[in-house]
Amino acid sequence: MLRHVNVIVIVILIVILSTKKAESQVAQSLPDCPNKCGNITIPYPFGIRKDCCLSEAYLVNCTTLRVMNTNFKLLNISLDDGLMHGLLPVAYQCYNSDGSVRRSQPIIRLSRFKISSTLNLLTTVGCGTKANLMDLDDKYEIACRSNTSCMSLANGSCSGQGCMQVPILFTPTEFRIQSQRVTRRVGNWSFNNCTYGFLVKIGEYTFQETDLDNMKNRFSPVALEWTVGNTSCEEAKKNKTSYLCTENSVCMDSHSVFNQIHGTYSCRCAKGYEGNPYLPDGCQDINECEGPQNECSHGCVNTIGSYTCPSEAAKSPGDSLYIGQYTLFFQMTLPSEGPH
């Protein structure tokens, strides 16, 4: 005679499911190409040799920290947002008591890159001053004028008293910055006999009263947008040979007031990937299970381009199985003990 015995076996497992990232860093440059200018990373399509960049327009001179055919000093290049940062000179005009004027009105050349219209401000400093940003053909102009009074100067304030900032409405790749007085009293005071004009990234300049006579030969940080190609994403994708966005990346259009018809584009690694979208196999899967990117509380499973959180709710006996900490039930029938 057989005796039925219900046996419940409870198995407690702590499952750790994760995929280790590759030990080596994701490549930023072409094979056998250096990717550093001092502490500055130079990712492809930029390069510090002609055989290491997409074209000469992306060639970086490590000695001067200048990109070919530009005159801003390079600070960094980012693949994640298509931005690079650089330094531009401050324009000034100083009026002497003898009637002479000392001035600097720098011409800025950016090649195929452009000042970001959303991340920078045209700024003027002085009492009764005006700053102009003009394209070299004098077709476009942005003017920024400060209040003629400096009776209420306050450090940290740039709202019209000694300092004024306005958004940039157009973004030419070649332009000049001018500064000038709007009242002849400038030059006849015992202070503030100079006017200043410059572009600066939002949040990177804080007005100080001492700046009124102390900004000559200074530079300001700006954010620039960089792109590739001379066409839209839609058109670029039609030519697989010249299309620059590689596997696991997305294409993003970029239009400016000076190039509304053809435009340019840039590449970004798709969500769940990181690396260089301009290099073959440059966008590699992010292991979200290794960092704070996931919201799992009972184990994490990395997948290509994403991740999953195993179910955290226990199921009924006989059907209970979930990844993480889980319980496994099963039933057995044993022979009854009897006389041999």
Side-chain angles (χ1 to χ4, degrees), residues 17-60 62 65 67-68 74-86 112-114 116 119 223-234 236-237 239-254 263-296 300-309:
L17 297 172
S18 64
T19 303
K20 293 292 185 181
K21 280 187 179 179
E23 294 294 332
S24 60
Q25 294 287 332
V26 177
Q28 295 294 305
S29 60
L30 292 175
D32 301 320
C33 285
N35 66 350
K36 289 282 189 178
C37 279
N39 294 326
I40 302 175
T41 299
I42 310 296
Y44 187 81
F46 295 87
I48 63 176
R49 296 200 317 248
K50 290 183 178 180
D51 60 330
C52 292
C53 56
L54 177 63
S55 69
E56 287 194 358
Y58 301 88
L59 181 62
V60 178
C62 271
L65 291 180
V67 182
M68 179 69 77
L74 182 66
L75 295 177
N76 59 59
I77 302 172
S78 171
L79 291 168
D80 295 334
D81 51 18
L83 293 175
M84 57 183 169
H85 293 85
R112 60 172 291 123
F113 315 114
K114 65 178 184 178
S116 172
L119 297 177
L224 302 100
E225 300 172 2
W226 63 271
T227 57
V228 296
N230 292 299
T231 186
S232 66
C233 288
E234 182 179 1
K237 291 176 181 178
N239 189 333
K240 299 300 182 182
T241 302
S242 60
Y243 182 55
L244 294 171
C245 298
T246 57
E247 185 179 5
N248 300 322
S249 68
V250 295
C251 185
M252 304 184 69
D253 283 310
S254 176
T264 59
Y265 68 92
S266 59
C267 307
R268 305 281 194 280
C269 285
K271 184 178 180 181
Y273 295 84
E274 63 182 355
N276 191 326
Y278 300 95
L279 292 175
D281 299 319
C283 291
Q284 298 293 312
D285 173 57
I286 297 173
N287 188 347
E288 292 86 356
C289 295
E290 291 186 342
Q293 301 98 325
N294 73 82
E295 299 179 353
C296 301
C300 174
V301 179
N302 186 59
T303 62
I304 301 301
S306 186
Y307 70 97
T308 60
C309 295

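Scope of the values below: all heavy atoms of this structure, side chains included, with no hydrogens, waters or symmetry mates.
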Q. Is any side-chain heavy atom of P34 less than 4.5 Å from a side-chain heavy atom of R49?
A. yes
Q) Which pair of heavy atoms, one from C269 and one from Y273, lies closest together, and at what distance? A) CB-O, 3.7 Å
**Q.** Gap separating the CD1 atom of I77 from the CG atom of L83, nearest 0.5 angstrom
**A.** 11.5 Å
Q: Supply the atom-to-atom distance K114 NZ to L224 CG, rounded to the nearest 0.5 angstrom.
A: 11.0 Å
**Q.** Heavy-atom check, side chain of Y58 versus side chain of V67, under 4.5 Å
**A.** no
Q) What distance do R112 atom CZ and E225 atom CD have between them, rounded to the nearest 0.5 Å? A) 12.5 Å
**Q.** From M84 atom CE to L75 atom CG, the distance as rounded to the nearest 0.5 Å
**A.** 11.0 Å
Q: Assign the ring pair Y278 / W226 to parallel, tilted or perpendicular, where the plane angle (0 to 90°) is split at 30° and 60°.
A: tilted
Q) Between C251 and C267, is the SG gap short of 2.5 Å? A) no
Q) Between N302 and Y307, is there a donor-acceptor pair closer than 3.5 Å when you use the side chain of the first and the backbone of the second? A) no
Q: Looking only at non-hydrogen atoms, find the nearest pair between R268 and S266 and report the distance.
A: NH1-OG, 2.8 Å
**Q.** Donor-acceptor under 3.5 Å (S249 side chain, T246 main chain)
**A.** yes
Q) Is atom CG of N239 surrounded by more than 12 heavy atoms (other residues, nucleotides or ligands) closer than 6.0 Å? A) yes
Q) Is there a side-chain contact between V60 and I40, using heavy atoms and a 4.5 Å cut-off? A) no
Q: Enter the distance from T227:OG1 to F113:CZ here, rounded to the nearest 0.5 Å.
A: 8.0 Å
(Q) So which atom in G47 and which in I42 form the shortest heavy-atom distance, rounded to 0.1 Å? (A) N-CG2, 3.7 Å
Q | Nearest heavy atoms of V228 and P45, plus distance in Å | A | CG1-CG, 4.0 Å
Q. At what distance, to the nearest 0.5 angstrom, does OG of S29 lie from CD1 of I48?
A. 8.5 Å
**Q.** C300 and C289: CA distance, side-chain angles, deciding distance, disulfide bond (SG atoms under 2.5 Å apart) verdict
**A.** CA-CA 6 Å; C300 174; C289 295; 2.0 Å; yes
(Q) If you compare all heavy atoms of E56 against all heavy atoms of M68, which two are closest, and at what distance to 0.1 Å? (A) O-CB, 2.9 Å
Q. Q28 and N276: which non-hydrogen atoms are nearest, and at how many Å?
A. O-ND2, 2.9 Å
Q: Check whether any side-chain heavy atom of C245 lies under 4.5 Å from a side-chain heavy atom of P277, and answer yes or no.
A: no
Q | Residue pair T41, K36: steps toward the side-chain contact (heavy atoms from CB on, under 4.5 Å) verdict | A | CA-CA 5 Å; T41 299; K36 289 282 189 178; 2.9 Å; yes
Q: Kindly check if the number of other-residue, nucleotide or ligand heavy atoms within 6.0 Å of CG (N76) is above 12?
A: yes
Q. Hey, is the main chain of A270 close enough, under 3.5 Å, to the side chain of N248 for a donor-acceptor pair?
A. no
